[in-house]
Each structure stands twice: as structure tokens, then as C-alpha cells.
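Read the structure below first, then the notes.
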Amino acid sequence: MRIFDPHIHMSSRTTRDYQEMYEAGVRAVVEPAFWLGQPRSGLGSFVDYFDSLVGWEPFRAARFGVRHHCAVALNPKEANDPRCAGVVDLLPRYLAKDTVVAVGEVGYDFMTKEEDDAFARQLELAIEFDLPVLVHTPHRDKAAGTRRSLHVVRESGIAPERVIMDHLNELTVRMVLEAGCWAGFSIYPDTKMDETRMVRILQEYGLVRVLVNSAADWGDSDPLKTRRTGEAMLAAGFSADDVDQVLWRNPVACYGQSGRLELEEVPAVPDATFAGDSVLRGPRG
Ligand SMILES: [Zn+2]
């Protein structure tokens, strides 16, 4: 089973996750920019983060045989923080880079005026740089938030097939597919969306323009949820080719619109390790 995880925050994960993902079949990922769990205090914090998304993280991933791409954006949560005004102006220099395959995550959190402005400006950047855009739909009041996001997308004039609406569920899938956008599903260990419900959605709505991701980050999440969904599909009677479409060919087609995907196999370095904190602690820990 070859797997492309189109939404995963590897900066929050360990090298063991990379090893297990490789063993499960994951060969490529997209890591969208998001918040750190606590507010950033200024622009420099974003510069360091974006630099690591285009520098350190692809290097680290390649050691474990995984191709790493990213999306950059001012996330909806921090669009409300005046200290982060100015991040959108930083984006063009990153959107020109080879491994940046989309603008994202953008969208709504609380649906404020500031979020509206950041969302609209970043849709303009996606059009200007001819890149797909990843839209995070809010976990609260999801149907209304998704409907409003689709409205903003339509107003922007971006081609719908360049838009990924993510974190969808049974209530929001139909409107997104009818709008012509990609329908992204984040499979979590808790109740938001699991692999059994995902299989039912695939049975009902088909496999076209559907993306499945783990959205794994520093929270309750599992970087192998893509694989588990593939297994659940097979158990439900889908073919290996169906699984390949959902877990590989669909994300390749979607993010391939950037013209920047690099999918040639990278040989994992045998026994790859990173010293990390042990360097600072010394041999006695
Ligand atoms: Zn995310």
C-alpha cells in the first residue's frame, strides 16, 4: 500500500513516527503551517517556523524515506492576534520555494472580521502563485463555517479544483463536492471522524476528489490513520486499486497542480538517528 498523507504536522512528531509511517507505506506528505498550541509572540517566530518547514523537516523526512512538502499561511487562529499582522506579507518569499505546494491552512476559527481579511488575502496569493489552497473548516459550527468558507472561495475567483476543504464530516461533504472542491477528511483517534465512518462516506459519495489524512500533530492523533483507513476500505470490499486512488493518486493529482511534487523514492538511511536533546544532556543523560 503506497500512501501520501496530504495533511500532517511532522514538526510535532518523532523519528519513530517517520519509521513507522515508512513501514506502513507512507512515502510522501504535505505539512501545512498551523499554530504551535500557544500563541506566537511575533513575526520572527513565523520566519523560524516556515524556514524549518522548507529546510530541516524535508531533510529529516528524507532520512526515513519520506518526501516532505509543505503549505505556508497565517493560520485562522492567529489571524486574530495583532502581533501577527504582517505574516501575510512574509508569505510570497516562501510561496516561491520548490517544496511549497500550497497556501494553507487558511479559513475560519471564530469567524471574525480579521479572519475574513486574512482568508481573502491568502486566496489572492494562491491565485497569484498558481497554487492550491488548503482550507481548514472550523470544528465548532462546522456546517455554517464550511458554507461560509465556500462562499469566500467562490468570491475569490479561484478555480474550485484548486481548493481543498479539510476536516469534513457527513454534514459537510456534499456541499464541498457539489462546489467542485476537493473533500479532505482528517481521521482522528477520538470521535471527530474515524476510519469506519470514512468508509461509509466513500461508499456513499465515491472516491473522486476525496482526500484522507491523519492531521497528526502534538494533540491526540495518530500518524498511521491513513493506513488504517486503507485497511478498513479493503475489509469493506474496496479493491487495492480503490485504496491506491484514495491514498495515493488523489493527493498526487491534487497537490500535483502546484507543479512541484517530488515523488521519486528516497532511499531511507539505514539506522538513521538524530541525536536531538541527547547531545545537550551528554552520555550520562
Ligand atoms: Zn492541521
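All residue numbers refer to positions in the sequence shown, counting from 1. For ligands, and for the atoms within them, numbers begin at 1 and follow the listed sequence. Keep in mind that this is a model prediction, so the values were computed, not measured.
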message: Could you tell me if N75 and H136 have a donor-acceptor pair between their side chains, going purely by distance under 3.5 Å?
response: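 Side-chain D/A pair, H136 to N75: absent.
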Results of ring-ring contact (aromatic ring centres under 6.0 Å, His included) for F238 - residues two or more places apart only: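 Scan of F238 (ring-ring contact (aromatic ring centres under 6.0 Å, His included), adjacent residues dropped) gives none.
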Sequence neighbours excluded and cut-off under 3.5 Å, please list the side-chain donor-acceptor pairs for residues 115-125, or say none.
{"residue": "E115", "atom": "OE1", "partner": "D109", "partner atom": "N", "Å": "2.7"}
{"residue": "E115", "atom": "OE1", "partner": "F110", "partner atom": "N", "Å": "3.1"}
{"residue": "E115", "atom": "OE1", "partner": "M111", "partner atom": "N", "Å": "2.7"}
{"residue": "E115", "atom": "OE2", "partner": "N80", "partner atom": "ND2", "Å": "2.7"}
{"residue": "E115", "atom": "OE2", "partner": "F110", "partner atom": "N", "Å": "3.0"}
{"residue": "D116", "atom": "OD1", "partner": "Y108", "partner atom": "OH", "Å": "2.2"}
{"residue": "D116", "atom": "OD1", "partner": "R148", "partner atom": "NH2", "Å": "3.4"}
{"residue": "D116", "atom": "OD2", "partner": "R148", "partner atom": "NH2", "Å": "2.8"}
{"residue": "D117", "atom": "OD1", "partner": "K113", "partner atom": "NZ", "Å": "3.1"}
{"residue": "D117", "atom": "OD2", "partner": "K113", "partner atom": "NZ", "Å": "2.8"}
{"residue": "R121", "atom": "NH2", "partner": "D89", "partner atom": "OD1", "Å": "2.8"}
{"residue": "Q122", "atom": "OE1", "partner": "L74", "partner atom": "N", "Å": "2.8"}
{"residue": "Q122", "atom": "NE2", "partner": "L74", "partner atom": "O", "Å": "3.1"}
{"residue": "Q122", "atom": "NE2", "partner": "A118", "partner atom": "O", "Å": "3.2"}

field: Expected output: side-chain W182 to main-chain M165 donor-acceptor under 3.5 Å
entry: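 No, W182 side chain to M165 backbone: no donor-acceptor pair under 3.5 Å.
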task: Could you tell me if the ring centre of F50 sits under 6.0 Å from that of Y94?
output: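 Yes, they do, as the ring centres are separated by less than 6.0 Å.
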- prompt: Is Y188 isolated, or which residues cluster with it under the ILVMFWY side-chain rule of less than 4.5 Å, directly or via members?
  reply: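 None, because no other hydrophobic side chain comes under 4.5 Å of this residue.
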query: Counting no waters, what protein N/O/S atoms lie under 2.8 Å from the Zn ion (ligand 1)?
result: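 Result, waters dropped: H7 NE2, H9 NE2, E105 OE2.
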